[in-house]
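Below: one structure, written as structure tokens.
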There are 2 protein chains.
Amino acid sequence: MTEQRAYHHGDLRRTLLTAALDAIRESGPAALSLRDLARRAGVSHAAPAHHFKDRTGLLTAIAAEGYGLLADALAETPELNERGVRYVRFCREHPAHFQVMFAPELLRADDPELLAARERAGDQLRAGVAGLAASGRGDDARLAGVAAWSLAHGFATLLLGGNLEGPLGDRDPEEMFRDLTGLLFQGG
Amino acid sequence: MTEQRAYHHGDLRRTLLTAALDAIRESGPAALSLRDLARRAGVSHAAPAHHFKDRTGLLTAIAAEGYGLLADALAETPELNERGVRYVRFCREHPAHFQVMFAPELLRADDPELLAARERAGDQLRAGVAGLAASGRGDDARLAGVAAWSLAHGFATLLLGGNLEGPLGDRDPEEMFRDLTGLLFQGG
DNA sequence: CTGCGAACTTGTCACTGTCTAGATTGCGCG
DNA sequence: CGCGCAATCTAGACAGTGACAAGTTCGCAG
């Protein structure tokens with residue numbers, strides 16, 4: 001690893017990002033401290049500011065990365081229901097990203113990288129619904145898209161918040177979500 | 001109003017709560033400052049600590065109040081689909097409450113008032129699904145309950161996050177949500 | 001080898017949450 | 001009536017934080 005070099009850490013940006021993701025996963029974005037990240041990385045308290053200007057800048061970078069990862073995950077699977085499962089899986093594999101992505105008041109809304117990544121993810125979301133739209137008119141398609149996104153997003157959010165532990169028991173969340181989509185989207 | 005009394009503000013607790021709700025609605029829970037609340041209420045910076053011990057204590061009180069309001073709102077309507085609409089309406093009428101209620105890392109998880117209020121709201125949620133469970137077995141009922149909650153919660157969350165402005169256009173969110181439930185729960 | 005810009009440090013400022021000790025008030029009880 | 005007492009609020013202090021400014025060190029192009 002050859003760390004502890006005085007200058008030119010080499011990969012400080014990524015180091016800070018992953019440290020931030022760890023911290024967010026454990027304690028949420030509100031508890032994140034730039035100075036603490038700097039300490040963990042063994043750099044001075046002002047070093048993070050050079051890579052991400054702000055606290056907001058750091059969180060915005062995380063959100064952008066998250067949207068990119070989500071777009072990649074969705075792109076791997078063409079079928080709609082399975083994309084929902086991917087959405088759920090994503091929120092479990094990248095809970096910190098997920099949390100920050102949907103906390104707009106923590107982000108720089110006009111950041112170009114964020115906008116681009118979100119656009120890419122949005123394309124994937126819409127592409128998934130396009131196939132389903134074949135049966136109905138355009139309006140129904142949009143409606144079905146919102147329905148699918150709402151279902152997946154609600155399930156993911158409740159899951160991460162620990163609100164589904166009762167209903168879940170010891171079952172696998174992805175499996176349960178598959179049942180959900182089966183229940184709702186079979187007859188429609 | 002007879003404010004500006006030096007001691008015994010009279011209703012400082014409520015004053016601080018509503019000021020906090022205003023601040024959260026505008027800038028999110030992360031930007032909330034106890035000292036700023038105290039300034040707005042015209043009291044010393046340490047006054048809030050007497051009513052809510054902590055920053056966490058204040059947010060926990062807000063969450064408990066929110067669960068109470070949600071339980072009341074749901075109790076007004078027996079029919080399931082209409083309860084979903086109430087859920088959506090609640091998140092729009094009390095966005096600050098809603099946001100804090102589902103941010104567990106900001107709350108004192110073992111607070112008795114919070115637990116009681118959440119229990120009450122949970123009862124109402126389950127009561128709404130109970131009627132729907134008549135058709136299927138117990139397992140299907142639980143599944144349908146999670147489906148309904150996920151759909152409503154996802155829609156509400158995405159709505160508050162500003163993620164539905166595209167699909168919504170200028171339509172009323174509640175109306176659209178009604179269409180969603182019609183689309184998904186008709187055939188099931 | 002020389003300068004130049006990127007990466008990082010050091011120092012500082014206003015602000016925050018929390019703790020402590022003290023001041024003021026009004027209420028209940030004698 | 002008045003007196004203590006607890007609830008309510010103030011005042012002061014402390015460590016920690018984000019942001020900013022200015023200086024330092026490094027690698028690399030010319």
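Below, read A as the first sequence line, B as the second, and so on, with proteins coming before strands; counting in each chain starts at 1.
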Original post:
Taking atom C1' of D:dA7 as reference, at what distance in whole Å does atom CG of B:L12 sit?
Top reply: 13 Å
Original post:
Counting heavy atoms not belonging to B:E113, are there more than 12 under 6.0 Å from its CD?
Top reply: no
**OP:** Rounded off to whole Å, could you give me the CZ-to-P distance for the B:R55 and C:dC19 pair?
**Re:** 14 Å
**OP:** Name the nucleic acid region contacted by A:R39, choosing base, sugar-phosphate or nothing; use a 4.0 angstrom heavy-atom cut-off, strictly under.
**Re:** sugar-phosphate
Subject >> First encountered from the 5' end of DNA chain D, between A:A49 and B:H51 >> reply: B:H51
Subject >> Side-chain heavy atoms of B:L106 within contact of B:V100, under 4.5 Å >> reply: no
Do any N or O atoms of the protein come closer than 3.5 Å to N or O atoms of nucleotides 11-14 of chain C, and which pairs are they?
{"unit_1": "C:dG11", "atom_1": "O6", "unit_2": "A:H45", "atom_2": "NE2", "d": "2.8"}

Original post:
Rounded to the nearest Å, what distance is computed from the CG atom of residue B:D11 to the C1' atom of nucleotide C:dG26?
Top reply: 17 Å
**OP:** Could you tell me whether B:F102 and B:H153 have their ring centroids closer than 6.0 angstrom?
**Re:** yes
**OP:** Scan A:L32 against the nucleic acid and name what it touches under 4.0 Å (heavy atoms): base, sugar-phosphate only, or nothing.
**Re:** sugar-phosphate
**OP:** Let me know the distance between CG of A:D54 and C1' of D:dT17, rounded to the nearest Å.
**Re:** 13 Å
Original post:
To the nearest angstrom, how far is B:L34 atom CG from D:dT10 atom P?
Top reply: 14 Å
**OP:** Whole angstrom is fine here: how far is it from NE2 in A:H50 over to C1' in D:dT25?
**Re:** 13 Å
**OP:** Mind calculating the distance between NZ (B:K53) and C1' (D:dA7) to the nearest angstrom?
**Re:** 16 Å
Subject >> Distance test, side-chain N/O of B:S33 to OP1/OP2 of C:dC15, below 4.0 Å >> reply: no
Original post:
What integer distance in Å separates A:D36:CG from D:dA15:C1'?
Top reply: 14 Å
Original post:
Is A:R126 paired with A:D123 through a side-chain N to carboxylate O contact shorter than 4.0 Å?
Top reply: yes
Original post:
Are the charged groups of B:R25 and B:D22 less than 4.0 angstrom apart, N to O?
Top reply: yes
Original post:
Is any NZ, NE, NH1 or NH2 atom of the basic residue among A:R92 and A:D172 found under 4.0 Å from an Asp or Glu carboxylate oxygen of the other?
Top reply: yes
Original post:
Which of these passes side-chain contact (heavy atoms from CB on, under 4.5 Å) with B:L21: B:E65, B:H94, B:E26?
Top reply: B:E65
